[in-house]
Each structure stands twice: as structure tokens, then as C-alpha cells.
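Structure first, then comments.
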2 protein chains.
Amino acid sequence: MTTVADPAAPVSKPRVRDAEATKARILDAAKKEFAKNGLGGARVDLISEKAKANKRMIYHYFGSKEGLFQTVLENAYVDIRTAEQKLNLDHLEPKQALERLVRFTWDYYLKNPEFITLVNSENLHRAKHLKKSEVVKVYSRKFVSMVESILQRGVAAGVFRAGIDPVQLNITIAAIGYYYLTNRFTGSIVFERDLMSKTAIEDRLAFNIDTIMRLVAC
Amino acid sequence: MTTVADPAAPVSKPRVRDAEATKARILDAAKKEFAKNGLGGARVDLISEKAKANKRMIYHYFGSKEGLFQTVLENAYVDIRTAEQKLNLDHLEPKQALERLVRFTWDYYLKNPEFITLVNSENLHRAKHLKKSEVVKVYSRKFVSMVESILQRGVAAGVFRAGIDPVQLNITIAAIGYYYLTNRFTGSIVFERDLMSKTAIEDRLAFNIDTIMRLVAC
DNA sequence: CACTTAACGCACTAACTGGTTACTTTCTTA
DNA sequence: TAAGAAAGTAACCAGTTAGTGCGTTAAGTG
């Protein structure tokens, strides 16, 4: 974000006011703060400070701390669901498609740890914010039907067994990655090994792919 | 808690002072509050009120809010690890033993939802409290070796395949139950079904047992 | 019984926290 | 270009919160 010198204007202050940019900075800072400390632990003052925006702007754009949280959460869900859709699993063989989904889910959680913490925080509050979101429901439906169609194609091709509930499968794919990562701190103590070392992370992904493949195998 | 009339003493106040009972009441109230609102969201005043103890007592016995949290968390881990040891899995056939463990883990999470929330809260704080606990490490070792011996017996009996990492298996058994339950609120929205209905809970347990059995099968 | 120890309680505070009031500055457009 | 709308700011507030100072009362002990 370097300001390129403009020969015409000696001191160029392009866009001193930019509602969209300010909003974006607030959302970005809020995502980090909420992920780090939870809804209750996050501080509005700190969010505004890190966003280099006045606290008043948060209330101007999002109404309240909870309104801000809801927007952050909604965006997080839309982000992951959008990324999933881009995988284009319909063009792959069923087995390949499923493995790719397991791999993607793991990588996404790994690269976006805020997502996990936001979801945890939302569940602590009994999903009161997500309940209000219509967008999320629409995206979720597409997501479930994506896995459903992989399963169906696999059964038709004779590589997957019949009768698997796509929702249970979905939950399981998420679970084996999510749990490992969200509990990486207590887990590293309980199991007395560094769960986040490079090899540990590779091993876990391999184990997860294996788990899912065995689950759907005939 | 009705005070039964004592003919000898007009107003009987037996055991006005009882350190152990007060401590226990505080711990019980704290467990509920921490589980409900997390470490940051829990209120010390409310804990003391619900424990019918003076707030001063919390600082007297536990030093600080975080000291109280640490004790609550430690107790929660000791509780589940103790219950696991009581399962006496060594006396069962490997397959039966493993199924029993999956079932137990699920039931325990279901009946003790505070455990999950406490662990979540602790991971939000990067396990800084659990790190200090030596007791938990000792109990954890016993727990891992329990699953290890089931696996070994199963391999020897020719019912389980060889080469499975007991830690990975342990994590997976926990994951498929834990994730489902901790995310039951957002999950019920995303998947548009009540994940906590009686049949849903039964179905999930059956699915989990199946998942683990397929994972270890030859 | 005198005396020490530990349990217990009241009232207080310093720092914080979400939210607001009142105001200035910049941009857009009729 | 005048005026209104929108963006942005600083100072402030009322309620809350973890933590304490200090005094009181019951229980154990020689």
C-alpha cells in the first residue's frame, strides 16, 4: 500500500475518507480480536485502535459490538463456503473428489484458525447471531448437496458403499480436522507431543484421509 | 435444604463454618459459570452468589479468578480420566473394548457438556493453565496406554490391523463426538436439522462406532 | 477459659468497558 | 458555490468488574 508519487500533486492524500476501506479495516481487526479473545473477551476500543478507525465508526457501521461480531461471523462462513464451491469437485472422480475435500477442509482450518475460534465463540452463545443470518443457510445448502452428489456418484460407480448420510459424513470430515486444531494446545500437553510440528501436521492429514476413505469404502 | 426443627435447640445452625463444603460449593458454581460464559465471560460476583459464599472466600481459597479456573479445569480432567479408568477395558475383547470406549466418550460428553466448554475456553487461552498442572499429565499417560493396549491386543488377535498410532486413534474418537456436540448450535442451523433430537443423538453414536470400527479393521 | 487460627462478611475502589454526545472536516451535487 | 450529507474525532459517562482492607465470629487447643 505504498503511495506512489504523483508529479501533478505535491502532497497527495488520495481518499482521506473512504467508508468501504474503513469498514474493511474494522472487520479485519475485529476478526482477529474476536478470534483471539472471543466475543466476551474482545475489546471494542482495541478493535478500533487496530483498525486505525475511531470507535464511533464501529457503532456507526455495525450498531453494536454484537452487530460487528455477527457480520464478522457471517463473512467467515461465506468465505469458507465460497472457497469450497471453487473446488469444482464435480469434475473429479468420486474418490479423488472426496480426498480433495478432506484435504481442503484441513488446509482451510490450518490457514484460517480464526474461523474455528469464531465458530467456537458463536456456539458458546448458542448460535444466536448465526440464527439471524439468511445468507449462511443458502450457502450451507449448496455445501451439503455437494457432498451428497459425490456420494451418489461414488455409489453409482461402485466405489462407495450405499446408505451413508451425507450430513454425518460432512460432520465427520470437519470433526477430525477441527478438533485436532482447536484443541492443539491442550492436546499437545495431554499427548505429550507437539501436535503442530510439520511432520505431525502431515501425519494427521494422511490419517484423516485414510479415516474417511475407509468410512466410505465398500 | 429445609431446617428440620430440633426440640433441644430452638434455632439450630449446625456447621456454620465448613471450609471444605464452601470450597466445593464455589468449585461447583464456578464450573457452571465458566462453562456457560468462558473464562472471560464468567463473573466472579455471580459465582460467589450462586455458591452462597462470600466473594472474599474465592480469593481466600483460590487466589484469583484464574486460579479458580485452573482448579476447575484440573478437576474436570481428573474426573473424565478417572471415569475412563473405571471402564476396565482390559477384561473385554478388543473390539468390545474399543466400542465401549467410543460409547463412553460420547456419553460422557453428552452428560458433562461443561467439560467441552471448559476445554474450549482453555484452548482459547493457549492452555496456559493446564501447562501448570502435573496431575493431568500423569492421568493422561495412563489414558493413552489404555488405548495402546487395546490396539495391541486387537492386532495380536488378528481383529485389528497393525500400525495404527494410538494417539491418532484417541484424537479421532474424541473428535467425532466432541465436534458434533460443541458445534450443535451452529450445526443445527447449517445442516437444517435438530442435531440434539433423541434419534439424531442415537444415530450419531451408531455412526461414530461404525467409523472407528472401520478405521481399525483389517 | 484464654488464646490462636481460620472462616467469613461488608463496604470500598481503581481501572475498565460498551456506548454516546456534540462537534469538525470533507465530499457530493443541485 | 452553497448547502446538505456523510465521514470522522475527542471527550465523556454510567455501569461494571476483579480484587482488597479491615473488622467480626466461630472452632480448635493447651
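These numbers come from a predicted model, not from an experiment. Computed from heavy atoms alone, side chains included, the values below leave out hydrogens, waters and symmetry copies.
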Partners meeting side chain to side chain contact (heavy atoms under 4.5 Å, CB included) with A/R126 (sequence neighbours left out): B/F185
Atom OH of A/Y59 and atom P of C/dA22: how far apart are they, to the nearest Å? 18 Å
Using the side chain to side chain donor-acceptor pair (under 3.5 Å) rule, collect all pairs that involve residues 72-88 of chain A, keeping only residues at least two apart or in two chains. A/E74-A/S133, A/R81-A/E84
Could you give the side-chain donor-acceptor pairs of residues 23-31 of chain A under 3.5 Å, partners two or more places apart or in another chain?
residue	atom	partner	partner atom	Å
A/R25	NE	A/A51	O	2.7
A/R25	NH2	A/K52	O	3.2
A/D28	OD2	A/K32	NZ	3.3

How close or far is atom C1' of D/dT17 from atom CD1 of B/I58, stated in whole angstroms? 13 Å
Nucleotide D/dT17, atom C1' - distance to CG of B/L39 in whole Å: 14 Å
Between C/dT17 (P) and A/L68 (CG): distance, integer Å: 16 Å
List the protein contact pattern of nucleotides 7-16 of chain C with one symbol per nucleotide (5' to 3'): B for base contact, S for sugar-phosphate-only contact, - for none; contact means a heavy-atom distance under 4.0 Å. BBBB------
By the salt bridge (charged side-chain N to carboxylate O under 4.0 Å, His left out) test, which pairs, at least two apart or in different chains, include something from residues 170-187 of chain B? none
Does anything in residues 118-131 of chain B come within less than 4.0 Å of DNA chain C? Heavy atoms only, and list the residues if so. none
With distance as the sole test, does B/R193 use its side chain to make a donor-acceptor pair with the main-chain N or O of B/S188 at under 3.5 Å? no
Rounded interatomic separation in angstrom, taking CG from B/L46 and P from D/dT16: 13 Å
Restricting to pairs with a member in residues 34-46 of chain A, which pass salt bridge (charged side-chain N to carboxylate O under 4.0 Å, His left out), not counting sequence neighbours? A/D45-A/K55
Output all residues satisfying ring-ring contact (aromatic ring centres under 6.0 Å, His included) with A/F191, sequence neighbours left out; order by chain, then residue number. none
What residues, two or more places apart in sequence or in another chain, satisfy side chain to side chain contact (heavy atoms under 4.5 Å, CB included) together with B/H125? B/L39, B/S121, B/K128, B/H129
B/I47 CD1 - D/dG19 C1' separation (whole Å): 14 Å
